[in-house]
Amino acid sequence: MTGTWGSWTAWSSDEVDPYADFDDAIGGESTMSRNSAAREAQLAPELAGLIKSFLDLTEELVESAPFKHMLTADQMADSEDSSFAEFLERTRLRPKIPGWAGRLPRHGQGQPDWLPEVAPEDAPPEGSVIVGVIDRGVALHHRGQRFEDGSTRIVGAWQQIVDQSLADDIGNKTQKPPFGLAYLKPDIDRALDAAGLDGPDLAIDVEAFNRDLGQADFVNLYGHRELSRAAAHGSHVLDAATGVFPGTTSDIDKAFREQVRPMVVNLPDREIIGLSSRNLSYFVILGMLWMIFTADRYWFKAHLAEHSEDKHGRVRRPFGYPMVINLSFAKQAGARSGDDDISQVLEGVNRFRMQNNFYPVFVTLPAGNDNLDRGNGIVRFPSATSQWKPLRNVEWRIVPEDQSSNYLEIWFESDDAEDAPEIELFLTDPKGRRSVVEGLRPGHYTGLRGETDRDIARIYYEVKEPSRTRRGPRLKRYLVCVGPTRLHDGETSEAPSGIWRLTLRNVAARQVLCSFNVQTDQSDQPGSRRSRLSFLDDPDYQRVHPETGRPLDSYNYPEHRGPFRYPKASKRKDFDQRLPPYRISSAETPAVVRRHGTLNAMAHLRSSSMDDGSYLPGVTIAGGYRLSDGKPAPYSSTGLGYRRYSGGIGIGAPTVAYPSDDGYAHRGRLAAGANDGSVRAMQGTSFAVAQLSRKLAAILMNPANQVDPDFPLRKAVGEEAEAQESPSERYGRFADPEKVGSGRLDMAPRTRVARRES
Amino acid sequence: MSHDGITGYWDPSDSATYLSPQTSPDGYDTLSYLTPARRMALLYSELASQLDVQMGIPKDGAALVTLAGHPICTIAGKPDLPFLARQLEYLRNYADLRLDRLSEINQQIYDLLSFMGALGRLDSGQKAKTLEFLTIVQKLTFDVEMRVKHACWCPRPIDLSDYVMPMIQTPDHSSFPSGHASESFALATALDIIQRPESTLKDGLANWRLPFRLAHRIAVNRTVAGVHFPVDSAAGSVLGIAIGAGLCALGKATLTESNKALLKSFVFEPLLISTQDGKAGEEASEAEDNPFQFGATEDFETGWLRNASEQMPEDTEIDMGAMPILGTYWQMIAGEWHRSASGDEV
């Protein structure tokens with residue numbers, strides 16, 4: 001009935017992600033400017049190709065491997081151990097978009113032919129380090145990514161959304177991935193030759209090259225256009241992570257150019273990824289696996305035969321190339337438990353690789369830029385039987401003129417087997433309509449009906465069982481969804497802007513810790529204001545300094561000299577007003593909203609030891625700071641409950657920090673713009689993490705570090721940061737670990753910045 | 001009255017009151033006796049007398065541009081409404097770049113030459129004659145394009161859809177061909193020829209030298225802004241190249257004793273969509289070997305112009321007769337770029 005909350009109703013929770021379900025229910029958030037039918041049309045026909053699996057450890061490769069412990073493809077599929085098939089099933093990796101799920105059978109069936117055919121002569125030399133960049137707007141023509149002879153250093157690039165007919169234009173002979181196109185080094189070199197110009201050395205017609213490779217697409221609604229702008233996120237990241245000035249005379253740079261080889265995945269348009277990043281993990285995981293398997297395939301074809309064994313039949317080095325994958329994306333909301341798709345796939349991949357004597361894959365992530373966005377909150381509810389009132393109101397402000405949906409995740413732990421929530425939630429919209437709890441069950445939702453017979457808001461309730469790798473309690477989640485407050489189609493209702501009041505009550509006879517996270521909410525185009533971020537409007541949250549009006553970071557930045565350690569409470573000002581010992585249990589503060597805990601929701605995969613004692617790397621995370629004085633960047637997200645790298649969980653803190661601003665008057669850091677030779681300053685932890693990736697690659701270049709697959713890379717970089725930080729000589733001021741992890745590092749200065757044209 | 005107060009009685013027949021006038025002014029040969037504005041008026045007048053636009057030739061909605069009576073550019077037809085409607089897709093997609101291009105688009109509303117000044121000194125000191133010549137090239141192109149626009153009138157994007165919402169004021173004149181494309185490519189062509197007299201127009205386009213990249217960006221910016229279709233820019237680029245190359249050819253001709261100019265004749269032709277039987281298709285071209293054809297589904301991309309330019313029209317030798325003012329200018333322009341008039345280093 002219009003204007004009231006409906007009863008709790010089941011949805012296909014096994015098949016459809018609630019984000020996608022809500023988007024479908026409101027007719028698609030893209031009704032704001034582009035229609036969702038067009039979006040699906042661009043992807044859907046190609047997705048049929050996904051019937052093919054991404055398992056690439058093909059029979060060909062496996063059979064050629066003279067190692068007894070190597071599993072055959074069939075064994076992998078049947079293995080009860082942590083095989084690909086298992087983790088793919090566990091993650092149920094599929095785009096949970098209505099209408100798509102049923103068309104995507106499980107991806108563990110061992111059909112490898114979505115990967116490119118590779119020629120051994122194109123393989124990077126043994127000892128090369130692969131740096132994969134998964135991003136948007138990654139240019140493939142920059143001279144910083146080319147060898148001295150002008151050929152590309154890029155091993156391969158998967159353009160996830162381009163017209164497949166473009167393959168013919170550059171004579172692409174490699175097999176096509178399920179959607180988009182994959183280019184290997186010979187393809188890119190052909191395109192560079194075709195666009196070559198007389199004149200300056202290595203000059204090309206950049207636009208013609210970009211069009212050939214599908215990156216200057218003004219034909220398709222969702223085509224790549226980032227490289228037609230002055231700045232492109234992915235180009236900046238790739239340059240910071242792997243670029244080398246073409247005219248360098250530095251032997252170190254030259255060695256880096258020869259030995260560090262980029263791979264690229266250009267992600268689809270933001271509207272396909274989802275304004276709330278709901279499809280991000282799907283494309284990222286596919287991209288990650290594509291890079292890993294393609295690199296493996298090269299290595300096996302080119303280097304397996306020369307892979308020596310010692311007299312005991314043991315291999316001297318692990319298989320494959322050392323690999324760092326840079327993922328400069330963040331999500332604001334999530335369980336932060338290690339149960340998300342990307343974490344599970346990464347863990348599965350590395351567990352498999354470590355068990356089979358492959359190099360592990362190291363993944364780098366940004367801390368995120370959401371520190372001051374007021375999207376994160378924590379409440380510890382007293383027991384229902386306590387004398388304290390186990391009830392709390394939280395005000396969620398949805399802003400006007402917002403053309404995208406808003407999502408709020410509420411997570412809490414459950415230590416019993418009951419499906420009923422310990423925390424009851426009542427949602428009251430700005431017009432005073434209050435939801436009900438009667439009939440609430442896992443896998444059900446309740447919706448607020450709008451004037452046009454469609455829901456304008458919903459609450460989904462789910463119970464997440466602990467996975468095999470996470471030995472923790474059951475997690476329960478409310479997902480609160482509110483549709484756009486501005487629509488232009490005239491056929492759907494607009495949700496009212498203003499305060500949406502969450503009233504939460506603990507009905508359990510114990511304390512319950514509850515976290516709130518507003519989900520990522522980005523616009524479809526850089527600089528666009530179509531999407532506007534909602535926030536938790538908390539009168540007890542101190543936003544700015546009362547005298548200077550400056551935004552308050554998580555901490556003050558006190559003078560501090562001496563060993564790098566937690567300062568005494570008297571030396572430290574926590575603007576979240578937490579009390580010692582600054583751990584997650586310290587939740588008794590006046591404010592619900594916190595800066596602590598904003599760290600990238602994907603950045604929580606912990607390092608661990610496997611059963612055989614070998615080291616299983618987690619993700620490596622970079623926060624940002626200002627290079628001129630070392631001050632942590634206010635926007636750089638804060639961890640919660642820091643513990644050092646050993647056994648620390650990822651949500652505790654970033655691993656280290658890299659500069660994300662040059663100085664007070666020069667915001668951002670310089671690296672490549674969209675066009676070859678151009679330079680742009682870009683700000684954010686995305687660019688800090690690119691420097692971290694460069695650092696990891698530089699460490700892995702050292703042959704001594706390539707011998708041992710257990711090499712604790714994350715620990716190594718953390719120790720280096722701590723060593724730099726420890727004497728406090730560099731900046732002379734202390735920076736809190738929950739902001740900068742083990743310490744502040746800087747990328748070695750590059751020879752110079754090349755400029756040619758903008 | 002000063003005259004009455006100081007001269008006393010003046011007998012004009014008294015030679016004692018005479019001065020010794022020049023029979024011709026100092027700087028007559030170099031036109032330096034004139035103010036820059038007057039000098040430019042002379043050159044403009046001399047060149048304008050050579051340019052003509054014949055509207056409605058070869059057919060209604062077409063225009064023929066001649067230089068010294070020789071056809072240098074034919075706009076062989078204009079896009080129809082289905083053609084333009086098809087091109088609206090590009091208006092939508094290029095709009096994604098608006099925020100990025102905002103400042104340069106605003107600046108380019110009235111000022112193109114300053115952007116060319118980024119590619120070489122174009123100041124009124126060292127490069128005064130070059131600057132004056134380029135100013136005249138742009139002014140002449142404007143004159144021609146206005147007549148061609150009148151002959152080939154087409155609606156603007158905003159006329160087809162209010163959803164275009166241009167970011168700048170839509171001008172009152174025809175969308176087709178683009179004036180910004182015409183002028184920027186005329187300037188680019190002239191500048192490239194002046195800067196690199198040893199090279200050729202074909203090489204300049206094939207190697208996509210900077211003046212042409214800049215002209216292309218200026219033209220595309222008008223689509224980003226929402227005031228032009230890609231086909232407008234494509235036609236404008238051909239028209240501008242023809243005018244720029246033609247005027248420079250006249251200049252070069254003044255260096256020869258025979259005053260013979262090598263002129264090219266470009267033909268731009270939009271391929272119209274046939275909507276008969278409800279099926280969209282492209283109408284066969286009247287001149288299928290013409291490289292400067294443009295279909296409704298095409299974008300004005302660098303590859304289109306570079307590929308078309310590979311089949312550059314042949315030169316035709318035209319007897320120009322003497323053009324003393326242009327001849328003087330051309331000598332001085334060459335000198336400004338540290339070369340003799342023949343192109344040798346000086």
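Just so we're on the same page: letters track the sequence lines, and every chain starts at 1. Here the structure is a predicted model, which is why all the values come from computation and not from measurement.
B/Asn207 contributes a side-chain N or O that, together with a main-chain N or O of A/Asp198, makes up a donor-acceptor pair within less than 3.5 Å. The backbone N or O of B/Asp96 sits nowhere less than 3.5 Å from a side-chain atom of A/Arg225 that would complete a donor-acceptor pair.
Neither the backbone nor the side chain of B/Arg98 has a heavy atom closer than 4.5 Å to any heavy atom of chain A. Proximity to chain B (any heavy atom under 4.5 Å) is shown, for A/Arg229, by both the backbone and the side chain. B/Arg101 touches chain A through its side chain: at least one heavy atom from C-beta onward sits under 4.5 Å away, while N, CA, C and O do not.
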Check the pair A/Phe218, B/Tyr94 against ring pair (Phe, Tyr, Trp, His ring centres under 6.0 Å), reporting the backbone distance first and the verdict last.
CA-CA 6 Å; A/Phe218 291 93; B/Tyr94 272 106; 3.7 Å; yes
Working for side chain to side chain contact (heavy atoms under 4.5 Å, CB included), residues B/Arg209 and A/Leu197
CA-CA 9 Å; B/Arg209 285 201 286 259; A/Leu197 300 172; over 6 Å; no
Take A/Glu207 and B/His216 through the test side chain to side chain contact (heavy atoms under 4.5 Å, CB included) and record every step on the way to the result.
CA-CA 11 Å; A/Glu207 190 197 300; B/His216 180 265; 2.9 Å; yes
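Heavy-atom pairs under 4.5 Å with chain B peak, among A/Ser228, A/Ala208, A/Ala231, A/Gly196, at A/Ser228. Highest contact tally toward chain A, considering only B/Asp203, B/Thr302, B/Leu97, is held by B/Thr302 [criterion: heavy-atom pairs under 4.5 Å].
A/Arg211 places a side-chain heavy atom less than 4.5 Å from the side chain of B/Asp299.
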